[in-house]
Amino acid sequence: MQQWYKRRIPRRLAATGAIAALALAAGCGFAARNDSFEMPAHSAAAAHGVPLATDSMEQAFPGQKMPVYWLENTDSGVYLYREYATDTRHQEPMSDAIAYLLAGKPADPAWYTHLKSTDEVGVSIDNQNLITLDLPAKVFSATLDEGLAERAIQQLVFTATAAASNAGILVGDTPASVRILVDGRQNATVFGGHRLQDVYQRDAKFMAPIWIIDPQFGTTTAVGAVKFHGRTSSFDGGTFYSLQSKASDGEPQVITAANRINDESVEPDGSFTLTTRLPAGSYTLTVWGKEAGSDAKVGEVSSDFTVRLAPAPPQHRIELAGVSHAPLSHHCALRGVGPFVAPAEFEPVVQRVLNIRVR
């Protein structure tokens with residue numbers, strides 16, 4: 001039994017994605033003129049000795065944000081980073097996620113993709129958790145070397161499988177896999193010379209050695225206890241984090257210089273959680289690893305986020321015959337009820353008891 005989804009994405013969205021892709025290419029130092037790209041010269045040497053990430057499928061959270069995987073050039077290599085995006089307008093988890101990857105704008109300006117935008121995305125899944133993507137040839141029209149071609153394909157594989165798992169539509173314990181068709185054809189040649197395999201699975205070697213999951217780049221959270229949630233590889237010298245705030249003059253102020261994350265607090269899958277209390281302000285959380293005998297920062301990643309005061313709950317005012325708009329607590333006191341401010345859900349009760357209109 002196979003479920004099949006194929007739809008047309010609004011062209012306005014695709015055009016926006018194309019503009020964003022050009023901006024990202026320029027921001028990453030790529031020449032968009034000839035549309036040909038290669039792995040950074042230092043990436044192979046930088047990645048040597050970096051511990052592999054531990055892959056674990058996304059948990060099922062139907063109706064929540066959808067996972068999308070982007071590339072980022074780092075000092076340690078070119079890796080996949082996950083964003084939880086909010087564009088679920090079509091309520092088709094896999095096609096929504098792939099469409100966002102192809103035409104959306106990543107939260108972090110350092111993230112990018114070499115896949116081209118399109119207004120057609122075909123997605124199916126069978127009862128063996130085989131996901132089939134059918135995309136037009138223009139999606140793969142960039143000329144990439146082997147390293148970038150592999151990573152662009154893994155963007156599709158990770159995004160499709162993550163979306164399926166996140167939506168709770170995978171069956172049993174069979175690992176999800178992905179078949180990529182180009183205009184309905186299997187084993188097509190893409191990216192100027194890379195031949196597609198029959199089927200792909202997630203390859204953990206392309207995952208970033210460290211992720212910051214929460215707070216996600218560019219997000220806002222309430223003052224008080226702020227939770228830092230991330231995932232790290234197994235570094236011989238440990239995993240460290242620092243926290244900075246932005247002063248009124250724009251200069252960074254160090255709150256935590258370099259704290260090592262307790263090895264015992266890191267779960268077998270590499271996940272960790274820290275909690276600290278923060279006042280309102282702008283912050284940057286940075287996490288990195290170290291190898292034994294070296295002070296070099298490996299896999300360093302940062303997330304900028306904002307902490308704000310929670311908005312005050314509304315206080316209702318009422319209108320009584322012959323009495324101007326006054327606080328509800330005053331009129332309740334007049335009737336011997338006692339001073340209080342009624343929450344919104346109590347409005348119907350207040351109206352019946354006092355025969356008033358709450359504003």
Side-chain angles (χ1 to χ4, degrees), residues 16-17 19-30 53 64-87 100-101 104-113 155 159 207-233 239-261 270-290 296-311:
T16 302
I19 294 170
L22 288 174
L24 285 167
C28 294
F30 298 126
Q64 300 297 315
K65 296 180 179 181
M66 61 186 180
V68 179
Y69 282 79
W70 304 99
L71 294 177
E72 181 180 346
N73 295 356
T74 74
D75 291 339
S76 303
V78 181
Y79 292 107
L80 291 169
Y81 289 85
R82 183 180 62 198
E83 172 190 2
Y84 275 101
T86 55
D87 184 359
Y100 192 90
L101 170 63
K105 183 178 179 180
D108 191 326
W111 295 341
Y112 68 94
T113 183
Q155 277 188 280
T159 299
M207 296 173 63
I210 298 175
W211 284 351
I212 295 175
I213 300 173
D214 289 312
Q216 188 166 274
F217 189 98
T219 57
T220 299
T221 188
V223 296
V226 177
K227 183 179 293 186
F228 300 152
H229 182 208
R231 201 218 71 238
T232 182
S233 302
T239 301
F240 297 78
Y241 75 97
S242 68
L243 183 64
Q244 292 182 330
S245 65
K246 186 179 293 185
S248 57
D249 59 1
E251 292 298 315
Q253 292 184 335
V254 176
I255 298 176
T256 302
N259 271 11
R260 178 168 178 169
I261 298 174
S271 62
F272 62 86
T273 301
L274 306 169
T275 302
T276 187
R277 300 192 68 84
L278 295 175
S282 298
Y283 298 88
T284 298
L285 173 67
T286 304
V287 185
W288 67 92
K290 285 185 180 181
K297 296 181 178 181
V298 182
E300 184 179 55
V301 61
S302 296
S303 180
D304 296 342
F305 64 98
T306 302
V307 176
R308 290 181 181 169
L309 290 170

* Would a distance-only check, ignoring hydrogens and angles, find a side-chain to backbone donor-acceptor pair under 3.5 Å from Ser303 to Pro215? -> yes

* To do: Calculate, to the nearest 0.5 Å, the distance between atoms CG and CD belonging to Asp108 and Gln216 respectively.
  => 9.5 Å

* Structure fact -> Hits for side chain to side chain contact (heavy atoms under 4.5 Å, CB included) against Glu72, two or more places apart or cross-chain, chain-then-number order -> Thr74, Tyr81, Ala110, Trp111

* Can you check whether Ile261 reaches Thr232 side chain to side chain, under 4.5 Å on heavy atoms? -> no

* Asked: Looking at Ile213, Thr159, Val68, which hits side-chain contact (heavy atoms from CB on, under 4.5 Å) with Arg82?
  -> Ile213

* To do: Compute the centroid of each ring, for Tyr69 and then for Trp211, and state whether the two points are separated by less than 6.0 Å.
  => yes

* Asked: Quick one: does Tyr84's side chain get under 4.5 Å of Thr219's, heavy atoms only?
  -> no

* To do: Evaluate the side-chain proximity of Leu101 to Trp70: yes if any heavy-atom separation is below 4.5 Å, no if none is.
  => yes

* Cation-aromatic face contact Lys290/Phe240, 6.0 Å, 45 degrees -> yes

* Asked: Within the side chain of Gln244, is there an N or O that forms a donor-acceptor pair under 3.5 Å with the backbone of Ile255?
  -> no

* In chain order, what residues pass the side chain to side chain donor-acceptor pair (under 3.5 Å) check against Arg308, with sequence neighbours excluded? -> none

* Measure the shortest side-chain to side-chain distance between Ile210 and Arg231 over non-hydrogen atoms and say whether it is less than 4.5 angstrom. => no

* Side chain of Tyr241, backbone of Leu274: donor and acceptor closer than 3.5 Å? -> no

* Asked: Between Asn73 and Tyr79, does any side-chain donor sit less than 3.5 Å from a side-chain acceptor?
  -> no

* Going by heavy atoms in the side chains, are Ile212 and Leu285 under 4.5 Å from each other? -> yes

* Once the angle between the rings of Phe305 and Phe228 is folded into 0 to 90°, is it parallel (under 30°), tilted (30 to 60°) or perpendicular (over 60°)? -> perpendicular

* **Side-chain heavy atoms of Leu80 within contact of Leu71, under 4.5 Å** => yes

* When rounded to the nearest 0.5 angstrom, what is the spacing between CD in Glu83 and OH in Tyr100? -> 4.5 Å

* Ser302 (side chain) donor-acceptor with Thr286 (main chain) under 3.5 angstrom -> no

